[in-house]
Trainee: 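Below is one structure. I have some questions about it.
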Amino acid sequence: MPVKDIVSWNAIITGYWQNGFIEESKRLFGLMPVKNVVSWNSMITGCIENERIDEACEYFMEMPERNTASWNAMISGFVKEGRVDEALRLFEEMPNRNVISYTVMVDGYARKGEVDRARYLFDWIPRKNEVSWTVMINGYVENERFDEARALFDMMPEKSLVAITAMITGFCKEGMMEDAKRLFEEIHHRDLVAWNAMIAGYAQNGNAEEAFKLYLQMLKMGMKPDRATLISILTSCSSVASLKGGRQTHAFVIKKGLEPDISLCNALMSMYSKCGDIHESKVLFEQLHSPDLVSWNTIITAFGQHGHCEKAVDLFHEMCEHGLKPDGVTFLCVLSACGHAGKVNESINWYDSMVNEYQIAPRAEHFACLVDILCRAGQLVKAHTIIKEMPFEADAGIWGSLLTACGAYLNVELGELAAMKLVELEPGHSGTYIMLSNIYAAAGMWREVGRVRGLMKEQGVKKEPGCSWVETGNRVHLFKAGDVSHPEISEIVLELRRIGLQMKMSDDYEDIVLG
DNA sequence: GTAGGGTTAG
């Protein structure tokens, strides 16, 4: 058979598995009168791409002669499955290793969290290419070792767009948005992924305004958003509770015929719920053919946030009946549902069940959630006990919950402790001083109030006025604390008083406050 | 045959 024919066969076989028809590829491969190493390699890659690593193994064992690409394909296949030990065995066994072999192994170790091992191998690569550098830099970023990522990036001889994008993500993860933006602006030809990384950075840091601005800029430059872009935009709509923006984004998805994959559906569900439309969230959930763990976690949270704790718990059981295993986040969702409903004892039972029955190791977030629930219920001493006994260092969020609760339930002693810790963790944060001073004021300790005010002046801490906004029609109305500049301010205040009164008089007052 | 962006909690 002429070589030309083998090439055509190979092309057809590859075409089939690239479109998911692996069985057809296998059939044709079997019919091939003469095969070359490329034919075999194509079958190996095809099996791996279609998540059939064991069948790939069979082809690999059977083939009469292998080249470096055959070995590399297998190593990469094992790495994709997270089976790094098996990848390493092949790596050691193979006769000739090239840059790609090394790079795949570096990636494998980094993805497993064994960053030092990855770095060791990286240093051994004789002629590193830009992919090798990128994989290692990204490995540091993914494993929260940003300083090392930075150091390596600075050493990288020619910085590729992919490496720059990995660094942008790293800066965003560290909350260093200025640096991320600077790097982003230095890029000559930004591609979609780079835009997405920057937009996602703003979205994840809660800066919806910048995310929207960048999104508009991106559209203006003629870039076409994809699912990843829109998910970040939906996240931003959620964080400012803009149902209107969220609906527009949803409409955009439909109009552009973007097939909503499960992640996009999950983001839509979350957006609707956080913007107040639990019904739409539920409808989307029910339309999913096979909701994944994130979908279930999202819908459980949705009901929890809307005060339907029992429904959230029902959904938890329903999820288990569907054969899905709850993870640590699922328990956070259920815990927060209990918390919103003020159910302290249930929360503790759920926590115990997570640890004992489901054997899930609690993370700092679980303790934070428990502390928050106890705080809201006014059980400050118990909350403090958890803080003292938990195997994690309490962060600013936890001390903040305690401080707020000390204000609501007036506990000077614990309030002072929480404030002290917060000042250590976030110096210059005015809220801490204000809250402590309010606690002293409520307790009638006026000398202390003066002391805190003096301290603020001394340390140069400025009070930032609180603000909120309302969207009506096409306008956003911004209100700052103590600001009376709105032309209709007297009507607004009157209406707020009326609503407040209505809430107090309502039979559901308790529910509203707790929910 | 190798690399970068996305969904769930608080």
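Chain identifiers are assigned alphabetically (A, B, ...) following the order of the sequence lines, protein sequences preceding nucleic acid strands; residue numbering begins at 1 within each chain. In this text the structure is predicted, and so the values were computed from the model without any measurement.
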Trainee: Kindly say whether, by distance alone, the side chain of A/Asn98 makes a donor-acceptor pair under 3.5 Å with the base of B/dG1?
Mentor: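 In this structure, the two groups form a donor-acceptor pair.
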Trainee: Name the nucleic acid region contacted by A/Ala200, choosing base, sugar-phosphate or nothing; use a 4.0 angstrom heavy-atom cut-off, strictly under.
Mentor: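 The residue A/Ala200 makes sugar-phosphate contact but no base contact.
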Trainee: What does A/Leu192 touch in the nucleic acid at a heavy-atom separation under 4.0 angstrom: a base, only the sugar-phosphate, or nothing?
Mentor: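 Touches a base.
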Trainee: Write down the distance between CZ (A/Phe78) and P (B/dG1), rounded to a whole number of angstrom.
Mentor: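 These atoms are roughly 17 Å apart.
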Trainee: Indicate whether OP1 or OP2 belonging to B/dT2 is found under 4.0 Å from a side-chain N or O atom of A/Asn72.
Mentor: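 For B/dT2, OP1/OP2 do not have a side-chain N/O of A/Asn72 under 4.0 Å.
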Trainee: Out of A/Thr103, A/Thr68, A/Asn72, which one pairs with A/Asn98 under the side-chain hydrogen bond (donor to acceptor under 3.5 Å, both in side chains) rule?
Mentor: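 Of A/Thr103, A/Thr68, A/Asn72, side-chain hydrogen bond (donor to acceptor under 3.5 Å, both in side chains) with A/Asn98 is met by A/Asn72 alone.
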Trainee: Does A/Arg97 have a side-chain nitrogen or oxygen under 4.0 Å from the phosphate oxygens OP1 or OP2 of B/dT2?
Mentor: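 False: A/Arg97 side-chain N/O out of range (4.0 Å or more) of B/dT2 OP1/OP2.
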Trainee: Check the distance between B/dT7's P and A/Met269's CE and give it to me in whole angstrom.
Mentor: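 After rounding, the gap between these two atoms is 14 Å.
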Trainee: Remember a base hit wins even if backbone is also touched, and classify A/Glu142 as base, sugar-phosphate or nothing at under 4.0 Å, heavy atoms.
Mentor: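 The answer is sugar-phosphate, as A/Glu142 gets under 4.0 Å only of primed atoms, P, OP1 or OP2.
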Trainee: Below 3.5 Å, does any donor atom in the side chain of A/Asp261 face an acceptor in the base of B/dG6, or the other way round?
Mentor: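 Per atom types, the contact qualifies.
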Trainee: Sequence neighbours left out, what pairs pass side chain to side chain donor-acceptor pair (under 3.5 Å) with at least one residue falling in residues 56-65 of chain A?
Mentor: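 Listed once each, the pairs would be none.
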Trainee: According to a strict under-4.0 Å criterion, is A/Lys274 in side-chain N/O contact with OP1 or OP2 of B/dA9?
Mentor: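 It does, given that an N or O in the side chain of A/Lys274 lies less than 4.0 Å from OP1 or OP2 of B/dA9.
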Trainee: Would you please confirm or rule out a distance under 4.0 Å between OP1 or OP2 of B/dT2 and any side-chain N or O of A/Lys80?
Mentor: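 A/Lys80 to B/dT2 OP1/OP2: side-chain N or O found under 4.0 Å.
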